[in-house]
Amino acid sequence: MTTAAIIVAAGRGIRAGGDIPKQWQTLVDRPVAAFAMDRFASHPAITQLIVVLNPDDIPTDLWPRTPTATIVEGGETRGASVLAGLNATTDDITKVLIHDAARPLVTEALIDRVLAALETNEGAAPAVAVTDTLWHGADGKVQGVQDRGGLYRAQTPQGFHLAPLLAAFAASTGQETDDVAVARAAGLDVTIVAGDEDNIKITTPADFDRAAKLMRQSMDIRVGNGYDVHRFGEGDHVWLCGVEIPHTRSLQGHSDADVGMHAVTDAIYGALGKGDIGVHFPPSDPQWKGAASHIFLEHAVALAASQGFTIGNVDCTLVCEFPKVGPHQDAMKAVMGAYMGLESDRISVKATTSEKLGFTGREEGIASIATVTLIKT
Ligand code: MG
């Protein structure tokens with residue numbers, strides 16, 4: 001049995017406010033939809049991730065590129081978008097989970113519950129029993145009380161066996177409000193699975209604050225620092241934060257001696273508690289002689305990603321009298337950002353002199369200090 005996850009991200013989300021659709025607005029550190037995309041992409045039981053996009057959004061850079069995702073153009077209605085997703089499943093898929101892009105707090109445990117229920121049921125969907133008293137109201141006044149017995153608040157992901165769901169969509173009138181309604185109209189049984197109070201759907205501006213608060217409760221935030229020094233020797237250029245700068249001398253080292261990039265790389269290793277560059281790329285190993293330092297940085301970034309961390313921000317300070325760093329700061333941020341998959345507004349490269357004091361002041365070498373944050377949600 002293989003399972004596809006279909007994330008429906010084709011809506012316009014106007015009730016949430018903002019200039020762009022809600023699923024692409026930033027929540028904590030990335031677009032709302034990126035959380036669900038990451039959650040399903042990393043779930044061991046999900047073999048295909050399908051993301052249904054609004055045709056207007058496809059050419060934009062609003063949505064996060066996930067190399068393994070199948071991107072599908074959505075339709076006029078939610079139902080048409082889901083059907084487009086179902087039609088994009090690969091031949092080996094037998095089950096599907098359909099999820100709202102605007103529910104970023106879906107957990108692996110909830111996905112597991114829906115999958116477990118699908119083992120013995122045609123359909124399974126999470127829901128939370130209504131516990132508040134329900135009123136009928138009009139003109140700002142209570143008109144009556146609705147019996148809440150047997151009432152549930154429906155959530156996603158909603159899971160189905162693919163073949164019967166496709167048959168249900170083929171027979172659909174297009175009037176149903178969600179996938180469970182489509183399935184039930186075709187006679188499929190849908191089992192209720194215990195939902196999760198925190199699996200909220202972002203609908204209004206206030207929901208962003210609520211989701212961010214919930215997320216921070218379970219967030220793993222790490223800080224790491226890095227410090228590095230390289231001495232000057234003969235040469236005519238230095239590498240600093242990935243940029244080659246002409247100079248009257250060069251920094252000496254086993255690699256290209258990019259002191260800034262080394263400090264940033266060590267800060268990432270430090271936040272992960274995974275040693276430093278010397279541990280991963282021993283100076284005794286001749287294969288790293290003269291190596292471009294972005295190899296080290298990319299390794300540290302990949303190691304962080306493999307442990308579920310994204311980089312929040314980077315702050316790097318270079319300590320030297322010369323060369324002057326200012327003219328190269330923007331290029332340094334762009335180069336480091338490209339290696340780290342990070343927007344340049346999350347990267348800072350600063351420089352200071354040491355007032356002609358110490359080894360940097362005597363221009364014997366360059367020092368660098370860096371701080372990074374890593375975030376796992
Ligand atoms: Mg170094």
Side-chain angles (χ1 to χ4, degrees), residues 222-305 309 311 313-326 328-329 331-342 347-354 357-374:
R222 308 281 187 91
V223 177
N225 69 66
Y227 176 73
D228 196 28
V229 172
H230 283 265
R231 69 169 65 242
F232 277 122
E234 297 218 331
D236 59 7
H237 67 276
V238 294
W239 284 96
L240 290 176
C241 294
V243 175
E244 186 178 16
I245 302 172
H247 191 51
T248 52
R249 282 170 293 168
S250 289
L251 291 174
Q252 308 298 298
H254 190 67
S255 64
D256 64 10
D258 187 333
V259 64
M261 205 173 265
H262 291 183
V264 171
T265 304
D266 274 347
I268 297 171
Y269 287 134
L272 294 170
K274 294 285 180 189
D276 57 23
I277 294 174
V279 171
H280 298 278
F281 300 92
S284 55
D285 187 338
Q287 69 170 309
W288 308 122
K289 181 150 181 58
S293 294
H294 65 78
I295 295 168
F296 313 150
L297 180 59
E298 288 170 313
H299 176 267
V301 170
L303 187 62
F309 286 98
I311 296 171
N313 72 304
V314 175
D315 186 13
C316 176
T317 301
L318 297 162
V319 186
C320 58
E321 304 290 327
F322 292 103
K324 287 295 171 202
V325 170
H328 306 284
Q329 272 167 322
M332 290 172 174
K333 287 162 65 169
V335 171
M336 299 254 283
Y339 288 130
M340 302 176 83
L342 202 59
I347 302 178
S348 155
V349 177
K350 318 192 292 300
T352 183
T353 71
S354 53
L357 297 170
F359 67 88
T360 53
R362 293 188 298 270
E363 298 182 48
E364 294 166 2
I366 298 181
S368 177
I369 186 165
T371 305
V372 304
T373 54
L374 301 184

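Ligands are counted one by one from 1 in listed order, and the atoms in each one are counted from 1 as well.
Taking the ring centroids of F296 and H280, they lie at or beyond the 6.0 Å cut-off.
Qualifying ring-ring contact (aromatic ring centres under 6.0 Å, His included) partners for H254, counting only residues two or more places apart in sequence or in other chains: none. Taking the side chain to side chain contact (heavy atoms under 4.5 Å, CB included) definition, one finds that F322 meets it with H247, K324, E363, sequence neighbours left out. In terms of the side chain to side chain donor-acceptor pair (under 3.5 Å) criterion, residue partners of R362 (sequence neighbours excluded) are, by chain and number, E364.
By the 6.0 Å contact criterion, CD on E234 is open, its count of non-hydrogen atoms from other residues, nucleotides or ligands being 12 or less.
Residue V349 comes nearest to C241 through the heavy atom pair CG1-SG, 4.1 Å, listed as atom of the first residue, atom of the second, then distance.
Inside a sphere of radius 2.8 Å centred on the Mg ion (ligand 1), the protein N/O/S atoms present are D228 OD2, H230 NE2, H262 ND1.
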